[in-house]
Amino acid sequence: MTVRLRVAPSPTGDPHVGTAYMSLFNLAFVRREGGAFVLRIEDTDRARLNEGSEQQIYDTLHWLGLDWDEGPDIGGPFAPYRQSERLETYRPVVEALLESGRAYHCWCSPARLTEMREAQQKAKQPTGYDRLCVGKTREERAALPGFSEQPVVRMLIPDDAPLSFADLIRGEVNAPRPDDQVLMKTDGFPTYHLANVVDDHEMGITHVVRGEEWIASTPKHILLYDWMGWERPQFAHMPLLRNTDKSKISKRKNPAARLTWFVEQGFLPEALRNFLALMGYSLPDGQEVFSFEEMVASFDWSRVNPVGPVFDVDKLRWLSGHYIRELPVEELASRLVAFMGIDGAAADVVTRATPLVQERVSTLLEAAGMVGFLLDDRFAMDPEAAAKQLGHDARPVLEAARGALHDLTSFDTAAIEAALRAALVDGLGLKPKHAFGPIRVAVTGSTVSPPLFESIELLGRDRTLVRLESALN
RNA sequence: GGUCCCGUCGUCUAGCGGCCUAGGACACCGCCCUCUCAAGGCGGCGGCGCGGGUUCAAAUCCCGUCGGGACUACCA
């Protein structure tokens with residue numbers, strides 16, 4: 001039987017890093033087994049729906065190279081892949097469940113439910129629906145307080161509901177006894193639990209790979225499969241990515257929870273993909289830098305660590321730097337130019353400067369910052385650097401440099417270095433460190449820059465002299 | 001509060017009864033290289049939460065305890 005897996009994000013805002021994490025592991029297994037990977041949009045929460053979010057999901061996942069075989073944007077044999085377009089699929093299931101007495105209507109108002117829950121919490125009782133509506137007709141229920149016109153449909157959880165299941169990562173897992181879960185909301189939309197199970201079945205999903213946060217609701221899902229006489233999929237509950245304080249990674253506490261953040265920061269997608277794979281997973285030979293193909297080649301659920309890993313941006317940064325250094329320089333240059341959104345002469349000079357920054361940066365954002373001085377509209381004098389290096393002591397140094405560069409016949413790196421060394425180190429008797437510090441700040445605006453002589457060559461004589469001049473004033 | 005999941009250096013991890021005086025990576029510290037910053041090389045710091053068992057032998061198995069996390073919505 002061919003394997004079919006899916007990832008099912010909700011378009012409720014910036015795409016979440018967890019979506020990419022789940023996609024990666026889904027895909028690793030699919031590619032190893034030779035099946036299909038489905039992207040399904042779970043847009044049943046109409047209140048939290050976010051315009052543009054769906055497109056961002058496509059963009060960021062593609063950016064990461066995590067591509068799907070079927071989805072709302074490309075179609076497939078089980079279209080539509082957007083739950084809001086599948087409402088007719090869920091209704092008959094609800095009817096059947098109502099018919100067989102597995103589900104019931106509930107007219108309790110949100111206010112009553114809240115009140116009930118608060119009372120339970122206050123009394124330190126487990127929270128859960130008290131089944132006031134069970135076995136009652138609409139008329140009988142209407143006579144009681146806390147009635148609302150439009151009912152929801154709830155599951156009637158039996159006492160002997162199965163609470164344990166086999167998990168590919170964790171082995172035999174126990175889960176809490178479920179509450180009478182709402183399946184159909186008053187707005188006619190299904191809840192996650194219903195839609196998810198129905199769609200997974202309809203779409204022939206064989207393995208449900210999702211976050212650990214779903215363990216508690218798995219018994220509800222199993223019940224639905226069993227009630228409908230559908231074959232259960234296999235489950236794999238991945239560990240949750242964590243903030244530094246060990247809580248579930250969140251956009252509020254952690255910028256890295258937003259997938260677009262990595263794009264903005266100029267991380268290389270291959271680095272993020274590798275890093276995400278390292279979260280809870282390791283190759284048998286202990287190798288830490290590896291491609292997706294290498295991950296696929298040896299992929300095994302038993303190698304997934306159930307412990308929730310803390311998302312350590314420092315290590316990602318290192319990996320990103322590593323991948324930057326491994327890139328062919330022309331490739332890095334074109335990515336950098338695209339990242340900076342430049343073309344023409346600016347793109348040319350940045351391309352020529354790329355070899356100078358390749359081993360000095362770990363993200364495209366850093367690279368952009370380091371070559372920015374070559375573009376007049378991005379050049380900026382760092383006030384702290386100026387205060388440190390361009391004081392009165394610097395005047396003779398700057399003047400000597402200006403003189404040395406002014407009449408150079410060939411303005412290339414070797415000649416520039418020779419002239420500057422002759423004028424400053426030999427001429428003024430300065431140590432190289434002290435000689436070149438002020439020049440660097442004057443020319444690049446910063447105490448940190450690509451190698452100085454190469455930088456000056458790229459900047460060109462005229463602009464170099466202008467900057468030395470303005471540093472003197 | 002209840003239920004469930006989890007517990008090896010600061011972080012990511014290897015380890016699945018003897019190969020462990022616990023290995024690697026990131027971070028950090030020191031040295032070398034050096035026009036700054038990096039990169040690179042070398043070295044260092046640092047961990048099996050705790051307590052009982054089982055066993056000739058436990059990071060590895062069992063129990064307890066403590067700790068962390070998730071869930072406990074007409075959100076997903």
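By convention in this document, chain letters (A, B, ...) are assigned in the order of the sequence lines, proteins followed by strands, and residues within each chain are numbered from 1. The figures that follow rest on heavy atoms only: side chains count, while hydrogens, waters and symmetry mates do not.
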Nucleotide B:G2, atom P - distance to CD of A:Q125 in whole Å: 11 Å
Counting any heavy atom closer than 4.0 Å, what does A:T444 reach on the DNA or RNA strands: base, sugar-phosphate only, or nothing? nothing
Which of these, A:D199, A:T44, A:T191, sits in a side-chain hydrogen bond (donor to acceptor under 3.5 Å, both in side chains) with A:Y90? A:D199
Spacing between A:I41 atom CD1 and B:A76 atom P, to the nearest angstrom: 14 Å
Is the closest basic N to carboxylate O distance between A:E42 and A:R210 below 4.0 Å? no
Any N/O donor-acceptor pair, A:R360 side-chain to B:U36 base, under 3.5 Å: yes
Measure the distance from NE2 on A:H434 to C1' on B:U36 and round it to the nearest whole Å. 12 Å
Among B:G68, B:C12, B:C35, find the nucleotide with the atom closest to the side chain of A:R242. B:G68
Would you say B:C5 has OP1 or OP2 under 4.0 Å from some side-chain N or O of A:N174? yes
For A:P451, report the nucleic acid contact type (base, sugar-phosphate, nothing); a contact means any heavy atom under 4.0 Å. base
Regarding A:V182, tell me which of base, sugar-phosphate or nothing describes its non-hydrogen contacts under 4.0 Å with the strands shown. sugar-phosphate
Taking C-beta and beyond as the side chain, do A:R177 and A:D159 meet within less than 4.5 Å on heavy atoms? yes
If you assign each of A:A175 and A:E213 to its closest nucleotide in RNA chain B, which residue comes earlier from the 5' end? A:A175
Would you mind classifying the nucleic acid contact of A:G128 as base, sugar-phosphate or nothing, using non-hydrogen atoms under 4.0 angstrom? nothing
Applying a 4.0 Å non-hydrogen cut-off, can you work out what A:K124 is touching in the nucleic acid: base, sugar-phosphate, or nothing? sugar-phosphate
Between B:C12, B:C5, B:C35, which nucleotide gets closest to the side-chain atoms of A:I215? B:C5
From the list B:C71, B:C5, B:U3, which nucleotide is the closest neighbour of the side chain of A:P176? B:U3
With both distances kept under 3.5 Å, what pairs with B:C33, Watson-Crick or G-U wobble? none
For residues A:S247 and A:K253, is any side-chain donor paired with an opposing acceptor at under 3.5 Å? yes
Atom CZ of A:F311 and atom P of B:G10 are separated, to the nearest Å, by 21 Å
Within the modelled atom types, does a donor on one side and an acceptor on the other bring the side chain of A:E359 and the base of B:G40 under 3.5 Å apart? no
Which part of the nucleic acid, if any, lies within contact of A:R303, taking any heavy atom under 4.0 Å across all strands shown: a base, the sugar-phosphate backbone alone, or nothing? sugar-phosphate
Quick one: label A:Q150 by what it contacts on the DNA or RNA (base, sugar-phosphate, nothing), any heavy atom closer than 4.0 Å. nothing
Using a cut-off of strictly less than 4.0 Å, decide whether A:S449 has a side-chain nitrogen or oxygen near OP1 or OP2 of B:U36. no
A:L319 side chain near A:S362 side chain, heavy-atom distance below 4.5 Å: no
So, is A:R117 near the phosphate of B:C74, with a side-chain N or O under 4.0 Å from OP1 or OP2? yes
With respect to the phosphate group of B:G7, does any side-chain polar atom (N or O) of A:K246 fall under 4.0 Å of OP1 or OP2? no
Taking a pair as Watson-Crick or G-U wobble with both distances under 3.5 Å, which nucleotide is matched to B:C56? B:G18
Can any side-chain N or O of A:N243 pair as donor or acceptor with the backbone N or O of A:K248 at less than 3.5 Å? yes
Checking all strands, does A:P110 fall into the base, sugar-phosphate, or nothing category for heavy-atom contacts under 4.0 angstrom? base
Is there a side-chain contact between A:K248 and the phosphate of B:C71, meaning an N or O under 4.0 Å from OP1 or OP2? yes
Which is true for A:S446 with a 4.0 Å heavy-atom rule: it touches a base, it touches only sugar-phosphate, or it touches nothing? nothing
Using Watson-Crick geometry (N1-N3 plus N6-O4 or O6-N4) or G-U wobble (N1-O2, O6-N3), each under 3.5 Å, B:G1 is paired with B:U72
The nucleotide from B:C35, B:G24, B:G68 with an atom nearest the side chain of A:L452 is B:C35
Taking only the side-chain heavy atoms of A:V307 (C-beta and beyond), determine which of B:A76, B:G7, B:G69 contains the nearest atom. B:G7
Gap between atoms CG and P, on A:N274 and B:U13 respectively (whole Å): 13 Å
Looking at B:A76, B:C74, B:A70, which one has an atom nearest to any side-chain atom of A:T44? B:A76
Given side chains that start at C-beta, do those of A:Y192 and A:W214 come closer than 4.5 Å, heavy atoms only? yes
Donor-acceptor pair (no angle test) under 3.5 Å: A:K315 side chain, B:A25 base: yes
Protein-nucleotide distance (A:E326, atom CD; B:A38, atom P), rounded to Å: 21 Å
Take A:T186 and A:N305, find for each the nucleotide of RNA chain B with the closest heavy atom, and name the residue whose nucleotide sits nearer the 5' end. A:N305
Could you measure between the two C1' atoms, the one in B:A59 and the one in B:C48, and give it in whole Å? 5 Å
A:M184 near the nucleic acid: base, sugar-phosphate alone, or nothing, with a heavy-atom cut-off under 4.0 Å? nothing
In this structure, how many angstroms lie between the P atom of B:A76 and the OH atom of A:Y90, rounded? 11 Å
Do A:R258 and A:T260 have side-chain N/O donor and acceptor atoms under 3.5 Å apart? yes
Out of B:C35, B:C4, B:G40, minimum distance to the side chain of A:R325 belongs to B:G40
Separation of atom CG in A:L241 from atom P in B:C5, rounded to whole Å: 21 Å
Under 4.0 angstrom between A:R154 side-chain N/O and B:C74 OP1 or OP2: yes
May I ask you to evaluate whether A:K185 reaches the phosphate of B:C75, defined as a side-chain N or O under 4.0 Å from OP1 or OP2? yes
What does A:E288 touch in the nucleic acid at a heavy-atom separation under 4.0 angstrom: a base, only the sugar-phosphate, or nothing? base
Positive for side chain to side chain contact (heavy atoms under 4.5 Å, CB included) with A:L224, one of A:V93, A:L97, A:D200: A:L97
